[in-house]
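Chain naming here is simple, since letters A, B, ... match the order of the sequence lines and numbering starts at 1 in each. These numbers come from the heavy atoms of this one structure, side chains and all, not from hydrogens, waters or symmetry mates.
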Amino acid sequence: MTIENKKGWISWFNPFKYGSDRWMFALHRLTGIVLGLYLIAHVWETSNILNGQVTWNKIMVDLDYPFGVHFGPYILSLVLVAAVYHAFNGIRLTIVENGLMLPRPYRPEYPYKAKSLSGLNNVLKIVLGIFMIAVSAIGIIYIFTGVII
Amino acid sequence: MEQLILKDFGEVVKTVTFRVRRYDPEKDDAPRYEEYRVPVQKGMTVLDGILYIKEHIDHTLSARYSCRMGICGSCGMIINGKERLACQTQILELGKDLIKVDPMGNYEVVKDLVPDLSKLFRNHQNVKPFIIRDEEEPKGEYLQTPGQRERYAMFTDCILCGLCLSACPTSASDELYLGPQALAQGFRYIADNRDLGFEERLNVLDSKHGVWRCHFSGACSEVCPKGVDPALAIQLLRQVMTTNVFVRFKQKGTETGPERKSVSGVS
Ligand code: HEM
Ligand code: SF4
Ligand code: FES
C-alpha cells in the first residue's frame, strides 16, 4: 500500500529554499486572498450607511479604534501595501505569463541557473518594485497626514 | 608512471546526522523520522550517505537509484527542504550537520524514500511525447536547420526525475495538473518543426488542468537538475496558444512561424 504524500495548499505559503519568483507567487496569492476578504468587509462596512448617520458614524469610529486603540491607519496601510503589491506584480505576471520579456530557448550550462527567472524578468521586478515602494509611500503618507505628494 | 595522489582522499572529514523519513507499508500507519550518524568523506554525496546507512546501520532503508551520476533521474528526494538529486548533492557542500531527507512530495510513497512516479509518466504520455505526422510512412528524411533545432533542444535534456512536480505549488493542490515536466515536453514537440500534432495535443494542454493552471512560481526551474527551465517552456507554450488565436502558429524566435507542412521535401 502506498501513502499519499501531497504537500497540499498549505505549501503555497512555503517559499523558502526556492527563488524570488516563488516568494512573489506566495505573496501574490496571500495578498489576493487578503484583498478578497477586505473587499467583502468593505462592502459590509459601507453598506451600513443604510442604517442611518448615527450607526455609520459609530461604525467609522469603531473601525478606526479597534480595541480602543487607534489602529485604523495601520490596518489601512497594510491593505494599501497589499493592493499595490498585487497590482504591480499582477502587471509583471500578465507580461511574463504570456511569454513576453522572457529569453528564447537557450543552451543550459552548469550550474543551470534558469534564465526565465532572471534577465528581463528581474528588470521587471526591480522597476515595478521601485513603483511599489513609491506608490506605497505616497499612500501611507496620505493615510497618516492627509497630504498628497 | 606517475601516480595521482588525491589529497585527503578517503579521510573522514566530519560526522553528520541523517534524519530520514521512514515509512514501511507493512508495519507503519504513518511516516516517522529516524536518525543515523554518518561519517563523511570528501566528495561523498547524500546518496552515498544513504548507502552507508543501508550497508552499516539499517538494511531496511529503501531508496531508488541507478546511475549515481545524475542521468537516470531515479534518486530525486527532498534534501534539507529542497528537491534535489541525492547523487548530485555533496554532503559537505550543504554545509550542515543535520541532513534531513524526505521522499518527494505530491507523489504517493511506496516505501521510505521511494515515490510512485506513475503520475509523472502518465502525464508525460498524455502530451504525446513523439513526433506526429500526417503521412503513414515517412517518405524521406525530415529536414531541420540548426536554428530550428535550437527552439526546443534545451527541453530534450529532461531526465524525468520528477523533482519539478514535487516543487510545484500547483501540483501540491491539484493532483490532475499535468505539471511542469509534461507541459515542457508538450512544448518541446509543438516547437519542433517536424511535428504536426499541435491540434491533437490541444485537448490535454488547453484544459482545466493544463497549461493555464501554471502560476509561474518558478520553483520547477529552480530545482531542475538539468537546467531544462520548464517554467520557460510553459510560458512560451502559452504564447503559442494565445497568439495562435490571431496568427496561426506564430512562435517566439521564428520569423514567419515554423513550417507546419511536410518538411521532407518529398510529399
Ligand atoms: C490592479 C488590480 C489587479 C491586478 C493587475 C491583478 C492581477 C492578477 C493576476 C495577473 C493574477 C493571476 C496570478 C497568477 O497567475 O498566479 C491575479 C490573481 C488573483 N487576484 Fe488579482 N489583480 C488585481 C486586483 C485584485 C483584487 C482587487 C483582488 C481581490 C478582490 C484580487 C484577488 C486575486 C486573487 C484571489 C488571485 C488568485 C491568486 C493566485 O492565483 O495566486 N486581485 N491577480
Ligand atoms: S524538467 Fe527537470 S526537474 Fe522536471 S522531470 Fe525533467 S529533468 Fe526533472
Ligand atoms: S542515481 Fe541516477 S540520477 Fe541519481
Side-chain angles (χ1 to χ4, degrees), chain A residues 1-33 86 89-122 124-125, chain B residues 23 25-26 28-31 80-83 102-111 115-116 150-155 157 166-167 169-173 175 191 214-240 242-243 252-253:
Chain A
M1 262 293 287
T2 55
I3 49 162
E4 247 199 273
N5 198 24
K6 227 164 83 169
K7 286 184 171 179
W9 64 267
I10 199 91
S11 72
W12 296 343
F13 306 108
N14 172 17
F16 308 98
K17 307 270 180 182
Y18 308 106
S20 58
D21 287 75
R22 184 64 182 76
W23 273 96
M24 298 185 87
F25 161 78
L27 279 177
H28 196 88
R29 193 150 273 197
L30 187 70
T31 53
I33 293 168
H86 190 94
N89 192 46
I91 294 168
R92 182 185 70 90
L93 287 171
T94 310
I95 296 170
V96 290
E97 286 191 354
N98 283 296
L100 304 170
M101 297 187 79
L102 292 182
R104 289 175 183 183
Y106 53 95
R107 294 204 175 187
E109 264 169 43
Y110 194 80
Y112 302 140
K113 200 102 196 64
K115 289 193 186 171
S116 68
L117 309 180
S118 49
L120 282 179
N121 189 355
N122 267 353
L124 265 183
K125 287 174 209 167
Chain B
Y23 167 72
E26 282 167 14
D28 304 338
D29 293 326
N80 282 359
K82 187 175 179 179
E83 283 74 7
D102 284 83
M104 279 198 283
N106 308 337
Y107 298 102
E108 299 196 346
V109 173
V110 181
K111 184 173 182 287
D116 177 359
E150 215 61 10
R151 264 180 244 142
Y152 65 83
M154 69 179 295
F155 308 116
D157 287 353
S166 172
T170 302
S171 297
S173 50
E175 59 260 55
C214 168
H215 294 276
F216 202 3
S217 82
C220 51
S221 297
E222 201 74 44
V223 301
C224 179
K226 290 279 136 186
V228 170
D229 206 345
L232 173 64
I234 298 174
Q235 315 319 316
L236 295 183
L237 179 57
R238 275 182 170 150
Q239 194 179 40
V240 175
T242 43
T243 47
K252 192 163 196 146

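- For the set B/Ser166, B/Ala233, B/Pro115, the count of heavy-atom pairs under 4.5 angstrom toward chain A peaks at B/Ser166.
- Using a 4.5 Å cut-off between heavy atoms, A/Leu93 contacts chain B through its side chain alone, with no backbone atom that close.
- For the options B/Asn106, B/Asn80, B/Val110, heavy-atom pairs under 4.5 Å to chain A are most numerous at B/Asn106.
- Minimum interatomic distance between B/Gln235 and A/Val96 (heavy atoms only, all atoms of both residues): CB-O, 3.5 Å.
- Top candidate by heavy-atom pairs under 4.5 Å with chain A, chosen from B/Glu26, B/Glu108, B/Glu83, is B/Glu108.
- Remark: the backbone N or O of B/Pro169 is paired with a side-chain donor or acceptor of A/Trp12 at under 3.5 angstrom.
- B/Lys226 places no side-chain N or O within 3.5 Å of a backbone atom of A/Pro108 that could act as its donor or acceptor partner.
- Contact annotation for A/Asn14: neither backbone nor side-chain heavy atoms come within less than 4.5 Å of a heavy atom of chain B.
- In this structure, the side chains of B/Glu222 and A/Leu117 come closer than 4.5 Å at one or more pairs of heavy atoms.
- Note that SG of B/Cys220 and OH of A/Tyr18 are 11.0 Å apart. Values are rounded to the nearest 0.5 Å.
- Between A/Lys7 and B/Ser171 the shortest side-chain heavy-atom distance does not fall below 4.5 Å.
- In this structure, the portion of B/Tyr107 lying under 4.5 Å from any heavy atom of chain A is its backbone and not its side chain.
- Closest non-hydrogen pair, B/Leu236 versus A/Gly99, comes out as CD2-O, 4.1 Å.
- Neither the backbone nor the side chain of B/Asp102 comes within less than 4.5 Å of any heavy atom of chain A.
- With rounding to the nearest 0.5 angstrom, the OG atom of B/Ser221 is 10.0 Å from the NZ atom of A/Lys113.
- With rounding to the nearest 0.5 Å, the separation of OH in A/Tyr106 from CG in B/Leu232 is 6.0 Å.
- For the residue pair B/Tyr23/A/Asn5, the side-chain donor-acceptor check at 3.5 Å is not satisfied.
- Taking the side chain as every heavy atom from C-beta outward, A/Arg107 and B/Glu150 approach each other to under 4.5 Å.
- Interatomic distance, CG of A/Leu102 versus CD1 of B/Ile234, reported as 11.5 Å (0.5 Å rounding).
- For chain A, the option among B/Ala153, B/Gly218, B/Pro31 with the highest count of heavy-atom pairs below 4.5 Å is B/Gly218.
- Taking both residues in full, the closest heavy atoms of B/Asp229 and A/Lys115 are given as OD2-N, 3.4 Å, listed atom of the first, atom of the second, then distance.
- Side-chain contact between B/Asp157 and A/Tyr112 is absent, with no heavy atoms from C-beta onward closer than 4.5 Å.
- Both the backbone and the side chain of B/Ala167 have a heavy atom closer than 4.5 Å to some heavy atom of chain A.
- Counting heavy-atom pairs closer than 4.5 Å to chain A, the top-ranked of the candidates B/Arg238, B/Met154, B/Glu175 is B/Met154.
- The greatest number of non-hydrogen atom pairs below 4.5 Å with chain B, out of A/Glu109, A/Met24, A/Arg29, A/His28, is found for A/Arg29.
- If you measure heavy-atom distances from A/Tyr110 to chain B, you find no contacts under 4.5 Å at all.
- Proximity to chain A involves both the backbone and the side chain of B/Pro103, based on heavy atoms less than 4.5 angstrom apart.
- Atom-to-atom distance recorded for B/His215:NE2 and A/Glu97:CD is 7.5 Å, nearest 0.5 angstrom.
- For A/Phe25, the part lying under 4.5 angstrom from a heavy atom of chain B is the side chain only.
- Looking only at heavy-atom pairs under 4.5 Å with chain A, the residue among B/Ala172, B/Cys214, B/Ser173 that has the most is B/Ala172.
- The number of heavy atoms from other shown groups lying within 6.0 Å of CH2 (A/Trp23) is above 12.
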